[in-house]
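A short write-up of the structure that comes next.
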2 protein chains.
Amino acid sequence: MKTSRLPTAIDVAKRAGVSRSAVSRTFTEGASVSPETRAKVLAAAEDLGYRVNFLARGLIRQRTELVAMVVSDMDHSFRARLVDLLSRGLVNLGYRPVLLPWSEGDNPGQLIDMMLHYAVSGTIVTSDTPPGDIAAQCMQHGVPLVLVNKAPVDSNVARVVEDFESAGRLAADALAEAGCKRVAWAGQRRPSFTIGSRKAVFLDRLLDLGLDFVGDVTGARQNYAGGQEAAQAFLEHGLQADGVHCANDFLALGFMDGLRAAGVTIPGDLAVVGSDDIAEASWASYDLTTIEQRPEDLSQATLDALVDRIAHPAETARIRQVGVRLVRRGSTGAVRVASSSGRSRGG
Amino acid sequence: MKTSRLPTAIDVAKRAGVSRSAVSRTFTEGASVSPETRAKVLAAAEDLGYRVNFLARGLIRQRTELVAMVVSDMDHSFRARLVDLLSRGLVNLGYRPVLLPWSEGDNPGQLIDMMLHYAVSGTIVTSDTPPGDIAAQCMQHGVPLVLVNKAPVDSNVARVVEDFESAGRLAADALAEAGCKRVAWAGQRRPSFTIGSRKAVFLDRLLDLGLDFVGDVTGARQNYAGGQEAAQAFLEHGLQADGVHCANDFLALGFMDGLRAAGVTIPGDLAVVGSDDIAEASWASYDLTTIEQRPEDLSQATLDALVDRIAHPAETARIRQVGVRLVRRGSTGAVRVASSSGRSRGG
DNA sequence: ATTGGGCTTGCACACGTGTGCAACACGCCA
DNA sequence: TGGCGTGTTGCACACGTGTGCAAGCCCAAT
């Protein structure tokens, strides 16, 4: 039972007693074959274990069912979950996701190279920083593209973005509701597009609500370590704040741990509001109030956008907004609910 | 600047004033081309923006540079990190990882279908449960396969496994070192291969060390919620244990939170040892002693195995073992070190 | 009985590349 | 000068499929 060449359409045709065209048409969506021929072909194919060679098909059609998925920071659990959902969704649609990890400093050329090498059906970009002029390149070569949570580009490109207006507003409201008067913001020194937009709305809303903004505290990156750095800065600057909005949940958790190590109690001394609602935010040790961004919704909107883009490449691209929701938990003094029925996400 | 057909080798040949074969050979590793011809071809290719069509190449060579990556439970941060490292490594080797999410109950047929549809160079399986008879199928069709942390199969298949002997031993040693006398095990009802093996060694080692084993406490899955369920079971059974080894870190964290909510102090009343050393284990609120399994090592061993398998498909497959290490932290009463220089992983 | 239309079928070309084979050029040695 | 070996080149076939085109079939309507 060693490796022998795979059966081709010719083998199937021979066995079924029909022409090769009939085989091809049987496996082609919407082609014209009589039910009898179709049945004969399917039976023969089943017998031989025939599978269409997608390379040959792709060569002819100038398109494969591969989709490029450009991703960075996959060790962020929100991103990992999004990649998981996107890949599941793509497979269900009949596409095959090719995972292209990308970090700032990598060569963006290899991304467009891959897309053209394999004639992908489309591309999804979820990386934190946009890889070079990928939008222009995709447009030039007719590769449908969807950007997730990225800044606008001049090209005609489909985008999916968080409803950052609601996010910023809800964060400010949550702190106001917790009775805060003097508020700070914690995040990364160079905020990404989404977080920058959200912050701007947040600051505006603070004004509207009559709360004082006392300043930023930052870390190098928006992760747990960055949160600890921000906590350090918070303590060193002696910031007189009674509420903090953190750029994302990971950073918020590091921030909380950093403050607690110095004896600060949450929400006693300080209310904290995060963003994303990752699984860890609901853990009993943190019980973090946060702005939920459902990765399921983000994923679905992205898939919708991609399918739409593939079907109608010529039309002008839409922007899809994905809703957010405030999740009240202990870090703003909300009443704790029994947490044993917590989320099942997160390992 | 609308989408026009990509330049082919013929276009390049015409422009360079050589034959199409010369173009093909220029882009083929180890083919015979004179330096002058090569230079002319490369210049012309650069001018036209020529890229080899990998579909046509794959059709001829019966092989593409795609590698199937079968993954489940990507929302487990250890798995996500592994996928990240593997995909980076594959891309650096010139391969392109196709992400195939797989859950128990999915149709395993679609996996082997994909591999044959696209003539992949190889397959890596990292899913929790092995998808059907994928090993036999890959072997039959000559697809190089590497299994990561999976049970042996009868086919001749390369495997990468954690050094579970050391892992089980180190966990027992750590509890003994913490002064424990009566020890329990917390995990999932149906442990996976690695965890089952590790547990067996762990129990043996307890005997050798003269410690009492007082029983299992379990949750439905090995995640945070599963850990909380295990904690509930622990409390309800009134287990008189002073040390617990948890199947993995996520479960350990849920277990700790579940016990703490009931007033149990760690490590005062109970020492806890996890497994994996995910980023969250080092967080100040948990400070979990654990058995580190470096995803970098696991990834590298897997890539080595795959490359080896592709180069020498006929030889009998090796089993590669990846070392583990005990990381002493607060949950077993180790002295805390300043944690501000913590790991930068995890978002 | 004839005509027309709709569905099915087979032929043959096209997709873009790798590579065996023979031909050829060139330099070296006898 | 002739022969030989080494390195390069072009021709032509092969990889496995999709699909336009024309021919064929069957049935209903006139």
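Quick note on labels: first sequence line is chain A, next is B, and so on, each numbered from 1. In what follows, every heavy atom counts, from backbone to side chain, and hydrogens, waters and symmetry copies are set aside.
Put simply, the side chain of B/L100 reaches to within 4.5 Å of the side chain of B/V98, judged on heavy atoms. You'll find the side chain of A/L42 reaches within 4.5 Å of the side chain of A/T26, heavy atoms only. Residues A/V18 and A/E36 fail the side-chain proximity criterion, which asks for heavy atoms closer than 4.5 Å. Using a 4.5 Å heavy-atom cutoff, the side chains of A/T126 and A/V70 are not in contact. Counting heavy atoms from C-beta on, the side chains of A/L99 and B/S87 come closer than 4.5 Å.
As judged by a 4.0 angstrom heavy-atom cut-off over every strand, B/S32 is placed among the base-contacting residues. Using a 4.0 Å heavy-atom cutoff across all strands shown, B/V23 reaches no nucleic acid atom at all.
For C/dG10, neither phosphate oxygen OP1 nor OP2 lies less than 4.0 angstrom from any side-chain nitrogen or oxygen of A/S21. Contact annotation: A/Y50 reaches the phosphate of D/dT17 (side-chain N/O to OP1 or OP2, under 4.0 Å). The side chain of B/T37 contributes no N or O atom lying less than 4.0 Å from OP1 or OP2 of D/dT8. Contact check, B/S24 against C/dG16: no side-chain N or O comes under 4.0 Å of OP1 or OP2. Contact annotation: B/S19 reaches the phosphate of D/dG10 (side-chain N/O to OP1 or OP2, under 4.0 Å).
Comparing C/dG16, D/dA12, C/dT9 by their nearest atom to the side chain of B/T8 picks out C/dG16. Side-chain proximity of A/L59 to C/dT17, C/dT9, D/dG16: nearest is D/dG16. Set against C/dT19, D/dG10, C/dG16, the side chain of B/A22 has D/dG10 as its closest nucleotide. The listed nucleotides are C/dT17, C/dT9, D/dT9; the one nearest the side chain of B/S34 is D/dT9.
As a whole-Å value, the separation of B/R57 CZ from C/dT19 P is 9 Å. Residue B/R61 contributes atom CZ, which lies 6 Å from atom P of C/dG18 at whole-angstrom precision. Here the P atom of nucleotide C/dG16 and the CD atom of A/Q62 are 5 Å apart, to the nearest Å. Taking atom CD on B/E29 and atom P on C/dT19, their separation rounds to 12 Å, with Å as the unit. Between the CD atom of B/E36 and the P atom of C/dC26 there is a distance of 12 Å, given to the nearest Å. To the nearest angstrom, P of D/dG10 lies 14 Å from CD1 of B/I10. Atom CZ in A/F54 sits roughly 13 Å away from atom C1' in D/dG18 (whole-Å rounding). Straight-line distance from the CZ atom of A/R25 to the P atom of C/dC7: 14 Å, rounded to whole Å.
Ring pair A/F54/B/Y118 is perpendicular by interplanar angle, where above 60° counts as perpendicular and below 30° as parallel.
Between B/T28 and B/A56, the one whose closest nucleotide on DNA chain C sits nearer the 5' end is B/A56.
The base of C/dG16 has none of its N or O atoms less than 3.5 Å from a complementary donor or acceptor on the side chain of B/R5. Between the side chain of B/R51 and the base of C/dG16, no donor-acceptor pair of N or O atoms lies under 3.5 Å.
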